[in-house]
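In what follows, chains carry the letters A, B, and so on, assigned in the order in which the sequence lines appear, proteins first and then strands, with residues in each chain numbered from 1.
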There are 4 protein chains.
Amino acid sequence: MPVLNDEVPDNDDFDANRHRGEFDNINPEDFMHNSGSGRGNPPGWLSPSELDRARREVPMAYIQIVPVRTDSMGRVSQVGTLLRVSEDGSIVERTLIAGRVLYHESLREAIARNIARDMGDLALPVLPQCLQPFTVAEFFPTPGVSPFYDERQHAIALCYVVPIAGDCKPQDETLDVEWVDPHGATVGALVDQMINGYGTIMRRALSWIG
Amino acid sequence: MPVLNDEVPDNDDFDANRHRGEFDNINPEDFMHNSGSGRGNPPGWLSPSELDRARREVPMAYIQIVPVRTDSMGRVSQVGTLLRVSEDGSIVERTLIAGRVLYHESLREAIARNIARDMGDLALPVLPQCLQPFTVAEFFPTPGVSPFYDERQHAIALCYVVPIAGDCKPQDETLDVEWVDPHGATVGALVDQMINGYGTIMRRALSWIG
Amino acid sequence: MPVLNDEVPDNDDFDANRHRGEFDNINPEDFMHNSGSGRGNPPGWLSPSELDRARREVPMAYIQIVPVRTDSMGRVSQVGTLLRVSEDGSIVERTLIAGRVLYHESLREAIARNIARDMGDLALPVLPQCLQPFTVAEFFPTPGVSPFYDERQHAIALCYVVPIAGDCKPQDETLDVEWVDPHGATVGALVDQMINGYGTIMRRALSWIG
Amino acid sequence: MPVLNDEVPDNDDFDANRHRGEFDNINPEDFMHNSGSGRGNPPGWLSPSELDRARREVPMAYIQIVPVRTDSMGRVSQVGTLLRVSEDGSIVERTLIAGRVLYHESLREAIARNIARDMGDLALPVLPQCLQPFTVAEFFPTPGVSPFYDERQHAIALCYVVPIAGDCKPQDETLDVEWVDPHGATVGALVDQMINGYGTIMRRALSWIG
């Protein structure tokens, strides 16, 4: 008959220096730069067909970032949006920073990696002390089930507001980062341009910062 | 050359009655009861081998619930823990309500389904108005990377405190639900019995409720 | 020379049954019903001139409540607004439930008391487990300093969303409670009718509930 | 008969440059440095007897700060506590940064002013984007009513975690600021030294940061 197991130590006093098995020779930069230093792809990387299959089987974990500029009193003076070429190259979309959390990647690593991907290595993001998201956005592959739609997948996105202290240099598919006053006259029009629920995330961020 | 697409309507005014494609004939009960009413397994269901493979490829989205009893002023008078037989049947573990979010299942559906699975259909949970979790627990298959360990997978668990207004009838592998005073003398010993980081989630819940 | 005092016990293990000095003979109902059962006014009560003076000297602590109706999955199906006659009796204002926290009154008591005052004793509010407000509204007696204006005082309002499970019977100066679908077509017009920043609090609540 | 007033503009589009009446000639520095630049005491300042009376009449609004040091990934690497001489000069107490919100002072101004008072002008605090506190502590003048005790007053304290990016130079009655690893062996002993509920606030902060 089973007995209550109370011998196993709580994992509280974890030690980041302990052995990580297959991850022993992997350091955060491998996740950050998405390259395996001569060892091929890092853990967490999936081929397009593997990713497609996983996207039809389980919800994907995502992070979404609303980039902001703050003044010396912590007030948000500007909020940023990204202009990107759509996947099929036909149109320009206004979006936020968003990306999939890779296998064995921490949320902090995913946040830092995706900001660096879209804004460059000199963006100097001020990551949150607490990983409680200001909102959780549930994207479904079926339109109308929630305010958030993603034809590729069911994704659960943890959303954060992250101050950017450095210089932005749009990277990758990001054409431009546009900054606007969150209390100004033009922010509403920008939010309305954001599709698939990104505008809703931005509106919630604007409400949350007050 | 791509042009800015601002014609696509925001998904804000979503309509839960619109067509859901392959989900048109699926209703929430199929997710709740994990059965397809003669149509086989519901969407979201994976075979053991498919699940094993997905668990090695992407982070799994989880919800975790700390069940509580509240008084008429909203104060938490009792917190609950579960006693369960471990997967290999050898020991009894003290845990919380936890479960995977299925493909195309909403967080609310996952919360309701997992509470019903462990506590029965008469538990009458009072689900939160806002899906912002009080904490996010990142479980890794490698001990020591975070306070949370799960040998099977990388899991990202959104954690909620949920008042239980009805009667609990332990179900499934759940042997018993034990309730203790969050300010009492015994709660500390109980939390220390919880392994793999569940004790840490409970401690954060106790801090959060104040 | 002073030495480090580490002998004083932490107040953690507080005992609600210990002596409360002048409050020994006061029970919560005295605060709730704002009457001293033959003993005159309860602690916390101030004469109009005392209140006026305090309002010019220190910020007043307030609570504000957005009443909602929820369905069995915790989703907000309706949000409520109040119609009240203004202090000078000349107009009808659309507002939220709001009230001052009295001296020696807990936040929970203030929330319960103000809901009972505006909605009656059968409203059956489901008070929050955690007293972290979804937003903090800073009202100033000077227009334009913040989105919130109160000509009488500087007030710091902790704002909560509270489900109402029972029947509402408008009380006191409250003429009516109106409920609307938070996703419906009319909610915007209602929010626009709310003055002095109440509309902003409602918009933040709507964002917070998702 | 009163009619619904929907003409009054929402205060949303407030303008920080509009006239502030008696505050027109007061700038934030007057609040920050608690001096009126030759004009006597700033608004919000009370004489000891006025303050004593207000403290017996209404709850006082407070802010409390847990100072932290963070690494480049936003993780809290150190938490700070203050050593101060008690009001009567007899003992040294371990506390947090705490202070009253002055009349017509914003929460941001109160946070910045109190950090500067205890840590000097070069502390370079990174104030929060959102003023939602991680917890609200209710101090009562009666021991045992809540985990928080203040013999002088009923105080409602909004509690924030604030990263300190610069150099700390203890000021005023603050003798020293001690920094410890939040995951280290000594943090527990330090928290136990904190009286009147400050230890509880620190424990909640440690839970909140994860």
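- Of all the heavy atoms in Q132(A) and F134(B), the pair that sits closest is NE2-CA, 3.7 Å.
- The CD1 atom of I156(A) lies 6.5 Å from the CG atom of L158(B); values are rounded to the nearest 0.5 Å.
- For the salt bridge (Lys or Arg N to Asp or Glu O under 4.0 Å) with E57(A), the qualifying choice from R55(B), R53(B), R100(B) is R53(B), the only one to do so.
- For E151(B), the CD atom is loosely surrounded, since the number of other residues' heavy atoms within 6.0 Å does not exceed 12.
- Distance CZ/R56(B) to OH/Y103(A): 8.5 Å, rounded to 0.5 Å.
- Within the model, atoms NE2 of H104(B) and CD of E138(A) stand 11.0 Å from one another, a figure rounded to the nearest 0.5 Å.
- For the set T135(A), V101(A), L131(A), the entry with the most heavy-atom pairs within less than 4.5 Å of chain B is V101(A).
- At a 4.5 Å heavy-atom cutoff, the contact between L107(B) and chain A is made by backbone and side-chain atoms alike.
- Heavy atoms closer than 4.5 Å to chain A are found in both the backbone and the side chain of S106(B).
- Chosen from A54(A), P133(A), A61(A), the residue pairing most often with chain B at heavy-atom distances under 4.5 Å is P133(A).
- For the residue pair L102(B) and H154(A), the shortest heavy atom distance occurs at O-CE1, 3.5 Å.
- Both the backbone and the side chain of V58(B) come within less than 4.5 Å of a heavy atom in chain A.
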